[in-house]
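What follows is a single structure, written as structure tokens, with notes after it.
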Amino acid sequence: MSTQTFPQTFLNGRVVVKVGDITAERVDAIANAANGTLLGGGGVDGAIHRKGGKAILDECRAIRQSRFLNGLPAGRSVATNAGALPAKFVIHTVGPVWNEGKAREEELLQSCYTSSLELAVAEGCRTAAFPAISTGAYRFPKDRAARIASEAIEAFLNKDTSLKQVVLVFFSEEDAQVFLNHQVFSS
Ligand code: AR6
């Protein structure tokens, strides 16, 4: 089997696919695969709060109290500071829990990407990075997630001129390879 090398680029370099730890990304905004409580958890969420520190959690708590008393619904996103991380903002987005495709999961995952990118632009970001939302603890199939993420990002970049680069950060080379095999970028 031949192995691809990373990073790989799409859409004239406006999209980069790489393997790594998103907490180390030097971009304006990183997305967090959060849960509706916004109070942290495992996976990439745990890593972001652990490395970013208390400032992120404090702002998450304030957002819960002022705007989302019952939690942030799936498909929605909110922006906070990035604490000690190299990024300027963390955009917390709540992916859908995979339920055999019976609960509008595809639409909700698309909304995670689109709403996060909208927030990044609203905050003046030029670069943003995403983990593979919902594909860990929430069990969204990685092949379907690749199609949805790439469609949503390309559709957004076609309308937006301010974002220079979107970086897709996979935690393993195997996950990055699955993404490459199933993404639908036009170039
Ligand atoms: N950098 C990049 N990707 C990562 C990192 C990292 N540091 N750590 C994990 N991943 P998950 P979900 C990958 O479970 O499925 C949490 O407990 C990981 O390999 O983090 O949306 C939250 O609090 C996988 O491919 O997020 C929620 O309760 C991807 O990130 C719940 O999990 C997403 O896996 C959300 O589940």
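Along the sequence shown, residues are numbered consecutively beginning with 1. Order of listing sets the numbers, starting from 1, for every ligand and every atom in it.
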Shared hydrophobic cluster for I133 and L157 (ILVMFWY, side-chain gaps under 4.5 Å): yes
So which protein heavy atom does atom 26 (O) of ligand 1 come closest to, and at what separation? A33 CB, 3.6 Å
On a heavy-atom basis, the closest approach of R104 and E107 is NH1-OE2, 2.9 Å
So, does G95 sit close enough to ligand 1 that a heavy atom of it is under 4.0 Å from the ligand? no
Kindly determine whether R126 and D28 satisfy salt bridge (charged side-chain N to carboxylate O under 4.0 Å, His left out), including the steps that lead there. CA-CA 7 Å; R126 312 294 304 274; D28 293 332; over 6 Å; no
Top protein contact for atom 32 (O) of ligand 1, by heavy-atom distance: A137 CB, 3.6 Å
Give the atom numbers and elements of ligand 1 that come within less than 4.0 Å of a heavy atom of G43. 8 (N), 20 (O)
At what distance, to the nearest 0.5 angstrom, does CG of L108 lie from OG of S115? 10.0 Å
I need the atoms of ligand 1 closer than 4.0 Å to a non-hydrogen atom of T135, numbered in the order shown. 15 (O), 24 (C), 25 (O), 29 (C)
N-O pairing of K18 and E25 below 4.0 Å: yes
Around atom 21 (O) of ligand 1, find the nearest protein heavy atom and jot down its residue, atom name and distance. S134 N, 2.8 Å
Does any N/O atom on G42 come nearer than 3.5 Å to any N/O atom on ligand 1? yes
Just distances here: any N/O of T23 and N/O of ligand 1 closer than 3.5 Å? no
Which residue and non-hydrogen atom of the protein lie closest to atom 15 (O) of ligand 1, and at what distance in Å? G136 N, 2.8 Å
Please write down residue, atom name and distance for the protein heavy atom closest to atom 18 (C) of ligand 1. F171 CB, 4.4 Å
Under the criterion side-chain contact (heavy atoms from CB on, under 4.5 Å), which of V16, I153, V166, L180 is the partner of F10? L180
Aromatic ring proximity, centroids under 6.0 angstrom, F130 and Y113: yes
Would one find an N or O of I133, backbone or side chain, under 3.5 Å from an N or O of ligand 1? no
Regarding ligand 1, does D21 bring an N or O atom to under 3.5 Å of one of the ligand's N or O atoms? yes
For atom 20 (O) of ligand 1, grab the closest protein heavy atom and report residue, atom and distance to one decimal in Å. V44 N, 2.9 Å
As a quick check of understanding, evaluate side-chain contact (heavy atoms from CB on, under 4.5 Å) for L38 and T80, giving each step before the final call. CA-CA 11 Å; L38 294 179; T80 68; over 6 Å; no
Return the CZ to CZ distance between R76 and R67, rounded to the nearest 0.5 Å. 7.5 Å
Those atoms of ligand 1 less than 4.0 Å from some heavy atom in D45: 22 (C), 23 (O)
Can you name the atoms of ligand 1, numbered from 1 with element, that are less than 4.0 Å from a heavy atom of N35? 22 (C), 23 (O), 27 (C), 28 (O)
shortest atom 36 (O) of ligand 1-to-protein heavy-atom contact is with Y138 CG, 3.4 Å
Could you check whether any side-chain heavy atom of E105 comes within less than 4.5 Å of a side-chain heavy atom of L109, counting everything from C-beta outward? no
For ligand 1, note which part of D175 has a heavy atom under 4.0 Å away: side chain, backbone, both or neither. side chain
In the protein, which heavy atom is nearest to atom 29 (C) of ligand 1, and how far is it? A132 O, 3.3 Å
Kindly say whether E106 contributes a backbone atom to a donor-acceptor pair with the side chain of Q110 at under 3.5 angstrom? no
